[in-house]
K.L.:
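Here's a structure for you.
Atoms within a ligand are numbered from 1 in the order they appear, just like the ligands themselves. Residues take their numbers from the sequence shown, with the count starting at 1.
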Amino acid sequence: MYTQSFNVPDGGQAAPGPQAVPNEADAALQAHFDAAIDADGKIEPRDWMPEAYRKTLVRQISQHAHSEIVGMLPEGNWISRAPSLKRKAILLAKVQDEGGHGLYLYSAAETLGTSRDQMVEALHSGKAKYSSIFNYPTLNWADVGVIGWLVDGAAIMNQIPLCRCSYGPYARAMIRVCKEESFHQRQGYEALLTMMQGTDEQKAMVQDAVNRWWWKCLAMFGPPDDNSPNSVQGMRWGIKRISNDALRQKFVDATVPQAEVLGVTLPDPELKWNEAKGGHDFGAIDWDEFWQVVNGNGPCNKERLATRVKAWEDGAWVREAALAHARKQQQRDMKEAA
Ligand code: FAQ
């Protein structure tokens with residue numbers, strides 16, 4: 001169902017004007033880069049690329065990595081309270097996967113010439129963003145299922161087109177990430193299906209969690225296209241393939257029938273099928289709340305960052321020990337080679 005995103009034609013947005021190029025050699029490099037982008041080819045780490053392309057990728061990939069790492073926290077909070085051994089094992093695997101996604105993504109961003117320390121410092125100082133969605137609390141077990149169903153569902157919808165991103169390392173990382181996200185989405189949906197066959201109290205927990213997460217998930221796709229400063233250039237460069245609003249619409253259309261099967265109501269009285277547009281109409285998203293959260297004032301922003309900073313500080317001895325071990329190993333290798 002989510003793979004339909006592969007089939008959506010690219011483009012639709014006007015390309016920005018040509019960039020100023022200082023000399024002939026640079027102009028040739030720029031022309032080579034433009035030709036690769038126009039031919040839908042891949043840009044690899046050793047290829048020449050405009051500085052703005054590099055910066056955009058570092059911004060997006062590092063923010064994506066931070067989202068995966070911070071995104072471990074809301075669900076990680078439930079590992080010790082999972083209702084059964086089976087659910088605990090699934091949740092442990094899922095949260096570990098998210099950590100792995102963060103690591104692939106940090107590695108992809110490092111190929112652009114930025115260091116892991118620089119990226120982590122940008123997160124910890126509040127300079128770098130991470131997804132708004134992870135600044136909300138997980139209040140009951142149904143929240144874990146809803147994160148799998150809706151948050152991972154939204155993440156897949158956004159990330160499938162990134163498998164075709166023009167930057168090779170990011171595109172390749174996304175292929176594996178999407179396979180794992182698909183398992184995450186299914187495990188969440190299956191956990192909710194089980195609860196919906198349970199007691200009235202369990203059903204009410206699921207509905208309550210859906211009510212709290214639905215609008216936040218729609219906002220995850222980013223601001224509306226007419227207020228998305230990075231979109232036009234991102235699409236021109238083949239980094240973004242489908243706009244924020246188009247992805248949001250696809251997510252709503254894919255999720256409505258799933259909600260029906262589950263037996264929950266999506267909390268939007270304006271949600272209805274629009275035959276003429278071939279998609280659902282839906283109500284207005286609270287963008288003021290979104291920007292509050294993005295700017296650090298959501299319910300859990302401070303707690304999330306404090307947890308990450310503490311984990312980084314507590315892990316300092318492990319990094320130091322690993323570096324000392326690597327140095328020793330290198331010295332031993334050099335001695336043997338001498
Ligand atoms: N939260 O001009 P645009 C996951 C910022 S992974 C916070 O439209 P762009 C897996 C944006 O950065 C979820 N900030 O920007 C998981 C920009 O600010 P900047 C993360 C947001 O880059 C599941 C400004 O607003 N996924 O869930 C958000 O063209 C469960 C203007 O926006 C990715 O990162 C937001 N929601 O489009 C893990 C995917 N939206 O940087 C654990 C890759 C926008 O100029 C548990 N990223 N902003 O200062 C993307 O596809 C894009 O970067 C967008 C934003 C679509 C997020």
Side-chain angles (χ1 to χ4, degrees), residues 5 13 52 55-78 91 94-102 104-105 108-109 122-123 126-136 138 143-163 165 167 170-171 173-174 177-178 180-185 187-188 213 215-237 239-248 251 285 287 289-296 298 301 304:
S5 306
Q13 302 238 19
K55 265 178 91 175
T56 294
L57 282 166
V58 168
R59 175 185 66 80
Q60 177 165 328
I61 302 173
S62 64
Q63 291 184 2
H64 192 166
H66 300 326
S67 302
E68 301 280 359
I69 299 292
V70 178
M72 296 168 75
L73 301 175
E75 289 169 287
N77 185 29
W78 278 90
L91 185 58
K94 180 197 191 285
V95 172
Q96 279 181 4
D97 282 354
E98 308 297 5
H101 298 172
Y104 313 147
L105 288 162
L123 172 68
K127 224 166 70 195
K129 294 185 168 71
Y130 59 88
S131 184
S132 49
I133 196 76
F134 302 118
N135 290 305
Y136 293 96
T138 37
D143 289 42
V144 171
V146 168
I147 289 180
W149 175 37
L150 296 180
V151 176
D152 284 278
I156 300 168
M157 196 57 93
N158 165 271
Q159 288 170 21
I160 289 278
L162 292 175
C163 297
C165 165
Y167 188 58
Y170 192 25
M174 279 299 107
V177 168
C178 284
E180 292 175 352
E181 297 292 20
S182 171
F183 149 65
H184 298 168
Q185 195 265 356
Q187 66 79 34
W213 289 92
W215 290 105
K216 282 71 174 139
C217 288
L218 295 193
M220 251 180 100
F221 292 92
D225 293 350
D226 58 9
N227 192 25
S228 162
N230 302 304
S231 273
V232 173
Q233 186 63 75
M235 306 261 292
R236 165 69 188 104
W237 278 329
I239 296 172
K240 275 176 111 153
R241 297 285 182 170
I242 304 180
S243 80
N244 298 358
D245 283 333
L247 285 172
R248 192 169 8 252
F251 175 71
I285 294 166
W287 292 113
E289 177 189 324
F290 170 78
W291 289 116
Q292 279 292 325
V293 175
V294 171
N295 290 322
N301 294 59
R304 298 284 185 247

K.L.:
Has ligand 1 got any nitrogen or oxygen that is less than 3.5 angstrom from a nitrogen or oxygen of I147?
P.N.:
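It does not: no N or O of I147 is found under 3.5 Å from an N or O of ligand 1.
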K.L.:
Are the side chains of F221 and D245 in contact, using a 4.5 Å heavy-atom criterion?
P.N.:
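Heavy-atom side-chain distance check fails, nothing below 4.5 Å.
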K.L.:
Is there a polar contact between ligand 1 and R59, counting only N or O atoms under 3.5 Å apart?
P.N.:
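For ligand 1, there is an N or O atom that lies under 3.5 Å from one belonging to R59.
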K.L.:
Between Y167 and I239, is any pair of side-chain heavy atoms under 4.5 Å apart?
P.N.:
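SC-SC contact between Y167 and I239 ruled out.
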K.L.:
Can you find a non-hydrogen atom of P229 under 4.0 Å from ligand 1?
P.N.:
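For ligand 1, residue contact (heavy atoms, under 4.0 Å) with P229 is present.
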K.L.:
Can you tell me the protein heavy atom closest to atom 8 (O) of ligand 1 and the distance?
P.N.:
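Result: S228 OG, 2.7 Å.
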K.L.:
Measure up the F290 and W287 rings against each other and bin them: parallel (under 30°), tilted (30 to 60°), perpendicular (over 60°).
P.N.:
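Perpendicular, since the angle between the ring planes exceeds 60°.
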K.L.:
Answer side chain, backbone, both or neither: which part of F134 comes under 4.0 Å from ligand 1, heavy atoms only.
P.N.:
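For F134, the contact with ligand 1 is made by the side chain alone.
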K.L.:
If we check side chain to side chain contact (heavy atoms under 4.5 Å, CB included) with F251, which of these qualifies: L150, N158, I156?
P.N.:
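Exactly one candidate clears the test, L150.
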K.L.:
Who's the nearest protein heavy-atom neighbour of atom 57 (C) of ligand 1, and how far?
P.N.:
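For atom 57 (C) of ligand 1, the nearest protein heavy atom comes out as M220 O, 4.5 Å.
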K.L.:
Would V151 and W213 satisfy side chain to side chain contact (heavy atoms under 4.5 Å, CB included), going step by step from the backbone distance to the final call?
P.N.:
CA-CA 8 Å; V151 176; W213 289 92; 4.2 Å; yes
K.L.:
Please examine the side chains of H101 and H184, heavy atoms only from C-beta on, and report whether any two atoms are closer than 4.5 Å.
P.N.:
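Yes, close enough: below the 4.5 Å cut-off.
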K.L.:
Considering only heavy atoms of S132, which atoms of ligand 1 have at least one such atom less than 4.0 Å away?
P.N.:
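Contacts of ligand 1 toward S132, numbered from 1: 1 (N), 7 (C), 35 (C), 36 (N).
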K.L.:
Where the closest heavy atom to atom 37 (O) of ligand 1 is concerned, which of M174, K240, M235 has it?
P.N.:
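Comparing heavy atoms across M174, K240, M235, the nearest one to atom 37 (O) of ligand 1 lies in K240.
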K.L.:
Measuring only between side-chain heavy atoms, which start at C-beta, is T56 closer than 4.5 Å to Q233?
P.N.:
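No. Closest side-chain heavy atoms not under 4.5 Å.
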K.L.:
If you measure every N or O of N230 against every N or O of ligand 1, does any of those distances drop under 3.5 Å?
P.N.:
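Yes: some nitrogen or oxygen of N230 is under 3.5 Å from one in ligand 1.
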K.L.:
For K94, which part has a heavy atom under 4.0 Å from ligand 1: side chain, backbone, both, or neither?
P.N.:
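Under 4.0 Å from ligand 1, K94 contributes side-chain atoms alone.
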K.L.:
Between E68, E75, Q60, M72, flag the one that comes closest to atom 46 (C) of ligand 1 by a heavy atom.
P.N.:
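The nearest heavy atom belongs to E75.
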K.L.:
What is the nearest protein non-hydrogen atom to atom 7 (C) of ligand 1, stated with its residue, atom name and distance?
P.N.:
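Residue, atom and distance for the closest contact: Y130 O, 3.3 Å.
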K.L.:
Does some non-hydrogen atom of H184 fall short of 4.0 Å from ligand 1?
P.N.:
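For ligand 1, residue contact (heavy atoms, under 4.0 Å) with H184 is absent.
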K.L.:
Looking at Y170, which atoms of ligand 1 are within less than 4.0 Å of one of its heavy atoms?
P.N.:
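Answer for ligand 1: 43 (C).
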K.L.:
Give a yes or no on whether the backbone of G298 and the side-chain of N301 come within a donor-acceptor separation of less than 3.5 Å.
P.N.:
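Yes; at least one donor-acceptor contact below 3.5 Å.
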K.L.:
Would you check if Y136 and P74 make a side-chain contact, meaning some heavy-atom pair closer than 4.5 Å?
P.N.:
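No, every pair of side-chain atoms sits at 4.5 Å or beyond.
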K.L.:
Taking the minimum heavy-atom distance to atom 51 (O) of ligand 1, which of N158, D245, L73, I242 ranks first?
P.N.:
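Looking at heavy atoms only, N158 sits closest to atom 51 (O) of ligand 1.
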K.L.:
Looking at atom 4 (C) of ligand 1, what's its closest protein heavy atom, distance included?
P.N.:
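Atom 4 (C) of ligand 1 sits closest to the protein heavy atom A155 CB, 3.7 Å.
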K.L.:
Where does N244 meet ligand 1, judged by heavy-atom distances below 4.0 Å: at the side chain, the backbone, both, or neither?
P.N.:
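The side chain, only.
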K.L.:
Specify the protein heavy atom at minimum distance from atom 48 (N) of ligand 1: its residue, its atom name, and the distance to 0.1 Å.
P.N.:
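Residue, atom and distance for the closest contact: F290 CZ, 4.2 Å.
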K.L.:
Go through the structure and list residues passing salt bridge (charged side-chain N to carboxylate O under 4.0 Å, His left out) with K94, not counting sequence neighbours.
P.N.:
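Result, salt bridge (charged side-chain N to carboxylate O under 4.0 Å, His left out) vs K94: E75, E98, D152.
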K.L.:
Measure the distance from atom 12 (O) of ligand 1 to every protein heavy atom, then report the residue, atom name and distance (to 0.1 Å) of the closest one.
P.N.:
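Its nearest protein heavy-atom neighbour is Q63 OE1, 3.0 Å.
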K.L.:
Are any non-hydrogen side-chain atoms of N244 and S231 less than 4.5 angstrom apart?
P.N.:
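SC-SC contact between N244 and S231 confirmed.
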K.L.:
If you apply the rule side chain to side chain contact (heavy atoms under 4.5 Å, CB included), what do you find for C178 with C163, and how did you get there?
P.N.:
CA-CA 8 Å; C178 284; C163 297; 3.9 Å; yes
K.L.:
Checking E68 against H64: is there a side-chain donor and acceptor pair closer than 3.5 Å?
P.N.:
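Yes, a side-chain donor-acceptor pair sits under 3.5 Å.
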K.L.:
Kindly confirm or rule out an N or O of D152 lying under 3.5 angstrom from an N or O of ligand 1.
P.N.:
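Among all N and O atoms of D152, none is under 3.5 Å from an N or O of ligand 1.
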K.L.:
Do W291 and ligand 1 have an N or O pair less than 3.5 Å apart?
P.N.:
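So ligand 1 has no N or O lying under 3.5 Å from an N or O of W291.
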K.L.:
Of the side chain and backbone of V294, name the one, both, or neither that has a heavy atom under 4.0 Å from an atom of ligand 1.
P.N.:
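The part of V294 near ligand 1 is the side chain, not the backbone.
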K.L.:
Verify side chain to side chain contact (heavy atoms under 4.5 Å, CB included) between F183 and D97, making sure each step is shown before the conclusion.
P.N.:
CA-CA 10 Å; F183 149 65; D97 282 354; 3.9 Å; yes
K.L.:
Do I285 and R248 come within less than 4.5 Å of each other through their side chains, counting heavy atoms only?
P.N.:
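Yes; the side chains approach each other to less than 4.5 Å.
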K.L.:
Closer than 4.0 Å to some heavy atom of G71 - which atoms of ligand 1 meet that?
P.N.:
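Heavy-atom distances to G71 below 4.0 Å select 42 (C), 46 (C).
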K.L.:
Hey, are the side chains of W78 and T138 touching, using non-hydrogen atoms and a 4.5 Å cut-off?
P.N.:
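SC-SC contact between W78 and T138 confirmed.
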K.L.:
Atom 32 (O) of ligand 1: which of G222, P223, S231 has the nearest heavy atom?
P.N.:
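Result: the heavy atom closest to atom 32 (O) of ligand 1 is in P223.
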K.L.:
Between F221 and ligand 1, find which residue part has any heavy-atom pair under 4.0 Å and reply side chain, backbone, both or neither.
P.N.:
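Near ligand 1, F221 shows its backbone, while the atoms from C-beta on stay back.
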K.L.:
If you have a sec, work out which protein heavy atom is nearest atom 49 (O) of ligand 1 and how many Å separate them, to one decimal?
P.N.:
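The closest one turns out to be K129 NZ, 2.6 Å.
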K.L.:
Does an N or O anywhere in E98 fall below 3.5 Å from an N or O of ligand 1?
P.N.:
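Between E98 and ligand 1 (N or O atoms, distance only) the closest approach is not under 3.5 Å.
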K.L.:
Might you check, step by step, whether the distance between atom 54 (C) of ligand 1 and some protein heavy atom is under 4.0 Å?
P.N.:
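Protein heavy atoms within 4.0 Å of atom 54 (C) of ligand 1 - there are none.
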K.L.:
Output yes when a side-chain donor or acceptor of Q63 lies under 3.5 Å from a complementary backbone atom of Q60, and no otherwise.
P.N.:
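It does not hold such a pair.
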K.L.:
What's the shortest distance from atom 6 (S) of ligand 1 to any protein heavy atom, and which residue and atom give it?
P.N.:
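Closest protein heavy atom to atom 6 (S) of ligand 1: Q159 NE2, 3.5 Å.
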K.L.:
Using a plain distance cutoff, I'd like to know if E181 has any nitrogen or oxygen under 3.5 Å from a nitrogen or oxygen of ligand 1.
P.N.:
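N/O-N/O distance below 3.5 Å does not exist for this pair.
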